[in-house]
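We count residues from 1, following the sequence as given. Any value given below was found using the heavy atoms of this structure, including those in side chains, with hydrogens, waters and symmetry copies removed.
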Amino acid sequence: MGNCLCLKPSTKDEVTTLNTREAPPTHFMIKIESFSVLEKYGIKKYETKEFVADDYKWRLIFKFNGKDSDYISVNLAMADTTSLPTNWEVNALFSVFIFNQISGNYLSSTGRTLCFQATKSEWGISKFISRKVLSDPSNGYIIDDSCVFVAEVFVVKREAAIERVLLTNVNTYYNHALEISGFSQLPQRWVSEEFDAGGQKWKILLYPKGNAEGTGMTNQFDDKKTRRY
């Protein structure tokens with residue numbers, strides 16, 4: 001199905017830049033009501049149930065006590081790919097949020113465009129939020145041993161809106177400057193040099209002393225025939 005169009009996440013672990021948002025996320029929410037139990041029993045990973053976003057099934061995978069034990073990592077995985085064609089590819093914009101139970105707003109990761117393929121159906125954020133920030137009660141993310149994580153997933157569509165413009169019967173005006181020396185000495189009929197305008201070749205006819213035909217412009221169609229307009 002072609003090469004991946006999105007930028008894959010860096011393999012180097014980087015601390016995630018977080019932003020504050022008031023509007024609630026839309027796709028999936030998980031509330032962990034006994035967060036301290038995870039550390040007490042050394043639980044390293046938790047996978048959520050499936051949820052649907054943009055006609056695909058997904059699940060979140062939280063890692064609490066992995067190699068970066070000072071941080072919580074959050075991965076997004078495609079939950080059901082059996083109906084997809086061979087060599088399928090899905091690009092999705094993924095954002096993770098944690099609810100601030102004091103201020104009522106959300107701390108969010110910067111959205112990342114992830115490329116899911118038959119050979120790689122899970123991507124994520126290795127350092128979403130530090131355990132130190134998360135566990136500090138004054139920050140409002142864990143209250144009464146409970147915290148709320150939320151996710152948004154927007155699939156990047158391949159179909160782009162197309163606009164076509166066809167212009168017909170457009171009047172285009174051309175300017176051609178003439179400099180005539182010795183105007184009083186011109187003959188009865190004066191003809192300019194040939195010039196191009198609008199895809200045609202033209203000459204200007206000038207009658208300095210007046211003529212029944214008047215002044216005008218001719219369109220030279222061929223070597224034998226000239227028409228006057």
Beyond-backbone contact of [X] with [Y], side-chain heavy atoms, under 4.5 angstrom:
X: Trp190; Y: Leu205; value: no
X: Leu107; Y: Phe99; value: no
X: Thr81; Y: Phe116; value: no
X: Ile142; Y: Leu134; value: yes
X: Phe154; Y: His27; value: yes
X: Val150; Y: Tyr106; value: yes
X: Ser121; Y: Trp88; value: yes
X: Phe94; Y: Leu60; value: yes

Taking the side chain from [X] and the backbone from [Y], do they hold a donor-acceptor pair closer than 3.5 Å?
X: Asp80; Y: Thr82; result: yes
X: Trp58; Y: Ala53; result: yes
X: Asn100; Y: Asn105; result: no
X: Asn139; Y: Tyr141; result: no
X: Trp123; Y: Cys115; result: yes
X: Ser109; Y: Val96; result: yes
X: Arg131; Y: Phe64; result: yes
X: Ser130; Y: Val133; result: yes

Can you tell me how far the [atom1] atom of [X] sits from the [atom2] atom of [Y], to the nearest 0.5 Å?
X: Asn91; Y: Gln117; atom1: CG; atom2: CD; answer: 8.0 Å
X: Leu76; Y: Ile61; atom1: CG; atom2: CD1; answer: 8.5 Å
X: Met29; Y: Lys31; atom1: CE; atom2: NZ; answer: 7.5 Å
X: Arg59; Y: Lys49; atom1: CZ; atom2: NZ; answer: 12.0 Å
X: Phe35; Y: Ile72; atom1: CZ; atom2: CD1; answer: 4.5 Å

If you look at every heavy atom in [X] and [Y], which pair is closest and at what distance?
X: Ser146; Y: Gln101; value: O-NE2, 2.9 Å
X: Ser73; Y: Ser126; value: CB-O, 3.1 Å
X: Pro137; Y: Ile143; value: O-CD1, 4.1 Å
X: Ile43; Y: Val37; value: CD1-O, 4.4 Å

| task | Show your reasoning for whether side-chain contact (heavy atoms from CB on, under 4.5 Å) applies to Ile129 and Tyr71. | result | CA-CA 6 Å; Ile129 188 171; Tyr71 289 85; over 6 Å; no

| Less than 4.0 Å between a side-chain N and a carboxylate O, is that true for Glu152 and Arg21? | yes

| request: For the residue pair Asp145 and Ser36, confirm or rule out a side-chain donor-acceptor distance under 3.5 Å. | output: yes

| side chain to side chain donor-acceptor pair (under 3.5 Å) involving Glu122 - partner list, sequence neighbours excluded |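 Once residues adjacent in sequence are excluded, the partners of Glu122 under the side chain to side chain donor-acceptor pair (under 3.5 Å) criterion are Asn75.
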
| message | According to side chain to side chain donor-acceptor pair (under 3.5 Å), who are the partners of Asp144, at least two apart in sequence or on a separate chain? | response | none

| request: Examine Phe97 and Leu93 and state if one hydrophobic cluster contains both, with Ile, Leu, Val, Met, Phe, Trp and Tyr joined whenever side-chain heavy atoms are less than 4.5 Å apart. | output: no

| said: Quick check on the hydrophobic clustering: are Ile98 and Val148 connected, directly or via other members, by side-chain heavy-atom contacts under 4.5 Å? | reply: no

| request: Sequence neighbours left out, what passes salt bridge (charged side-chain N to carboxylate O under 4.0 Å, His left out) with Asp196? Give chain and number order. | output: Lys201

| Going through the distances and angles, do Tyr46 and Phe62 end up as a ring-ring contact (aromatic ring centres under 6.0 Å, His included)? | CA-CA 5 Å; Tyr46 177 79; Phe62 292 88; 7.1 Å; no

| field | Intermediate values then yes/no, side-chain contact (heavy atoms from CB on, under 4.5 Å), Val155 and Asp55 | value | CA-CA 9 Å; Val155 173; Asp55 299 325; over 6 Å; no

| request: Evaluate the ring planes of Phe51 and Phe28, with Trp represented by its six-membered ring, and classify them as parallel (under 30°), tilted (30 to 60°) or perpendicular (over 60°). | output: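 Geometry flag for Phe28 against Phe51: parallel rings.
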
